[in-house]
Amino acid sequence: MVYQFQFRPYQRQFVRSLSTSHGNWETREGIIIQLINETGAIGWGEIAPLPWFGSETLDDALNFCIQLGKEITTETIFAISDRLPACQFGFESAWEALKHPQKVNLNCNFSALLPAGDAALNTWQKLWQQGYQTFKWKIGVLPINEEIEIFQKLIQGLPNQAKLRLDANGGLNWETAIEWLKVCDIWAIEFLEQPLPIGEEKAILELSKLYSTPLALDESVATIAQLKACYQLGWRGVFVIKPCIAGSPIYLRKFCQQHSLDIVFSSVFETSIGREAALKLAAELSSKNRALGFGVNHWFKEDEKTWLTDLWNHL
């Protein structure tokens, strides 16, 4: 099958700098793609790279799209290299949208991402009023004593029925991870995400046996290959999966269906196009009734529908 192909690069400015242990992130960049079949039906997809998580760069993705020209075949879509996981997801999602055009019907809770540092103390109330009951807060950004002090104010201020997740983005070491886990055990945190850097999965596995607070892998399972490797290593804690950078949705679906995994599907600040495809997977594969990590719309200020229409029509 041959499809007509078009693409548009995009940039979206965050309302505030997103601070993590990887640094400060100001602008989300990606690519919207369009496939048109022989009947004129359209399938939309999104390529939303996150190179510091191990995906290809935006330039890699753009170069791939440019060299395709104005057509792409089914064979080419399913031959995209594993070195381009965000491209794999974007093109296969557009292909699946043509094959199965129904919208996702997902009744679920989302976890709202709070800003790092003490800005979280003045942010959660508005999000709570919007219906969020699970929150995620980035740590490993400020000195640990300062963060623990802010954390204690935050956790004491949250309603009793609220859940809080902490995400270190691999920014801790063994000693600071221990210090955080001691605090987490006192306050019954839902889970602590990626306490140690990529490459220290064995140490994270050891950490998971020392305290009652569950641990989650995120950066360590960014792609399907990494997901498989960590499962084979023996990880049976929480897997935070970001579908838009994981690679082929077909292979991701197959692996998750073959194994009983405690999965939290999560956003990479994609647009509604990538989010729709990601949530289709979540609807099929989510378990354990955990809130999905897609509560991030408040990080952008423009009306997305208008913005996407303008992007496609005016470039």
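Computation of the quantities below employed the complete heavy-atom set of this structure, encompassing side-chain atoms and omitting hydrogens, waters and symmetry-equivalent molecules. Index from 1, following the sequence.
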Let me confirm one number: the [atom1]-[atom2] distance from [X] to [Y], rounded to the nearest 0.5 Å.
X      : Y      : atom1 : atom2 : result
Leu308 : Ser272 : CG    : OG    : 5.0 Å
Ile198 : Ile204 : CD1   : CD1   : 9.5 Å
Ile189 : Leu166 : CD1   : CG    : 5.0 Å
Leu35  : Thr74  : CG    : OG1   : 9.0 Å
Glu179 : Asn145 : CD    : CG    : 6.0 Å
Glu56  : Leu84  : CD    : CG    : 5.0 Å

Quick one: does [X]'s side chain get under 4.5 Å of [Y]'s, heavy atoms only?
X      : Y      : answer
Arg275 : Ser267 : no
Pro159 : Trp128 : yes
Pro249 : Ser93  : yes
Lys70  : Gln4   : no
Cys256 : Ile263 : yes
Leu279 : Phe265 : no
Asp118 : Leu154 : no
Tyr251 : Lys228 : no

(request) Tell me, yes or no, whether the heavy-atom count around Glu304 atom CD, taken from other residues, nucleotides or ligands under 6.0 Å, exceeds 12. (result)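 Counting other residues, nucleotides and ligands, CD of Glu304 exceeds 12 neighbours.
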
(request) For residues 75-90, pull every pair meeting salt bridge (Lys or Arg N to Asp or Glu O under 4.0 Å), keeping only residues two or more places apart or in separate chains. (result)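 Sorted pair list comes back empty.
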
(request) May I have all residue pairs that pass salt bridge (Lys or Arg N to Asp or Glu O under 4.0 Å) and include part of residues 157-168, sequence neighbours excluded? (result)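 Every salt bridge (Lys or Arg N to Asp or Glu O under 4.0 Å) pair that includes a residue of residues 157-168, provided the two are not neighbours, is Lys136-Asp167, Lys138-Asp167, Arg165-Glu190.
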
Path from [X] to [Y] over hydrophobic side-chain contacts below 4.5 Å:
X      : Y      : answer
Leu192 : Leu210 : yes
Phe135 : Leu142 : yes
Val221 : Leu252 : yes
Trp312 : Ile66  : no
Phe239 : Leu215 : yes

Do [X] side-chain atoms and [Y] backbone N/O form a donor-acceptor pair below 3.5 Å?
X      : Y      : result
Glu270 : Ala48  : no
Ser248 : Ile250 : yes
Asn173 : Glu175 : yes
Gln88  : Ile80  : yes
Glu276 : Gly274 : no
Ser55  : Pro85  : no
Gln194 : Leu196 : yes

What heavy-atom pair brings [X] and [Y] nearest, and what distance separates the two atoms?
X      : Y      : value
Ala216 : Pro195 : O-CD, 4.2 Å
Glu147 : Trp180 : CB-CZ2, 3.7 Å
Ala291 : Phe110 : CB-C, 3.9 Å
Thr123 : Arg16  : OG1-NH2, 4.2 Å
Gly170 : Pro197 : O-CG, 3.3 Å
Glu46  : Phe89  : O-CD2, 4.3 Å

Hey, are [Y] and [X] close enough side-chain-wise for a donor-acceptor pair under 3.5 Å?
X      : Y      : result
Asp59  : Thr57  : no
Thr27  : Gln11  : no
His298 : Gln130 : no

(request) Describe, in one word, how the ring planes of Tyr231 and Phe255 are oriented to each other, choosing from parallel (under 30°), tilted (30 to 60°) and perpendicular (over 60°). (result)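 The arrangement is perpendicular - the two ring planes meet at more than 60°.
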
(request) With side chain to side chain contact (heavy atoms under 4.5 Å, CB included) as the test, would you mind laying out the steps for Leu68 and Phe7 before giving the verdict? (result) CA-CA 11 Å; Leu68 288 173; Phe7 69 95; over 6 Å; no

Apply the hydrophobic cluster definition, ILVMFWY joined by side-chain contacts under 4.5 Å directly or through others, and give me every member besides [X].
X      : value
Trp25  : Phe14, Leu18, Leu50, Trp52, Phe53, Leu113, Ile245, Val268, Phe269, Val296, Trp299, Phe300
Val264 : Phe191, Val238, Val240
Val15  : none

(message) Check this for me: does any side-chain nitrogen of one of Asp262 and Arg290 sit under 4.0 Å from a carboxylate oxygen of the other?
(response)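 Yes, Asp262 and Arg290 are salt-bridged.
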
(message) Looking at Arg253 and Glu96, is there a salt bridge between them, counting it only when a charged N and a carboxylate O are closer than 4.0 Å?
(response)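 Judged by the 4.0 Å cut-off on N to carboxylate O distance, Glu96 and Arg253 do form a salt bridge.
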
(request) Please step through side chain to side chain contact (heavy atoms under 4.5 Å, CB included) for the pair Asp218 and Lys242, ending with a clear verdict. (result) CA-CA 8 Å; Asp218 185 6; Lys242 292 175 163 56; 2.9 Å; yes

(message) Please tell me whether Phe91 and Phe5 form a close aromatic pair, meaning their ring centres lie under 6.0 Å apart.
(response)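 Centroid separation for Phe91 and Phe5: below 6.0 Å.
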
(request) Output, in order, the C-alpha distance, side-chain angles, deciding distance and verdict of side chain to side chain contact (heavy atoms under 4.5 Å, CB included) for Ser208 and Trp235. (result) CA-CA 9 Å; Ser208 71; Trp235 183 258; 4.1 Å; yes

(message) Run the side chain to side chain contact (heavy atoms under 4.5 Å, CB included) test on Ile31 and Leu58 for me, step by step, so that the C-alpha distance in whole Å, both residues' side-chain angles and the decisive distance to 0.1 Å come before the verdict.
(response) CA-CA 8 Å; Ile31 305 167; Leu58 180 66; 3.9 Å; yes

(request) Only counting residues at least two apart or in another chain, list the ones meeting salt bridge (charged side-chain N to carboxylate O under 4.0 Å, His left out) with Asp60. (result)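 So Asp60 forms no salt bridge (charged side-chain N to carboxylate O under 4.0 Å, His left out) with any residue.
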
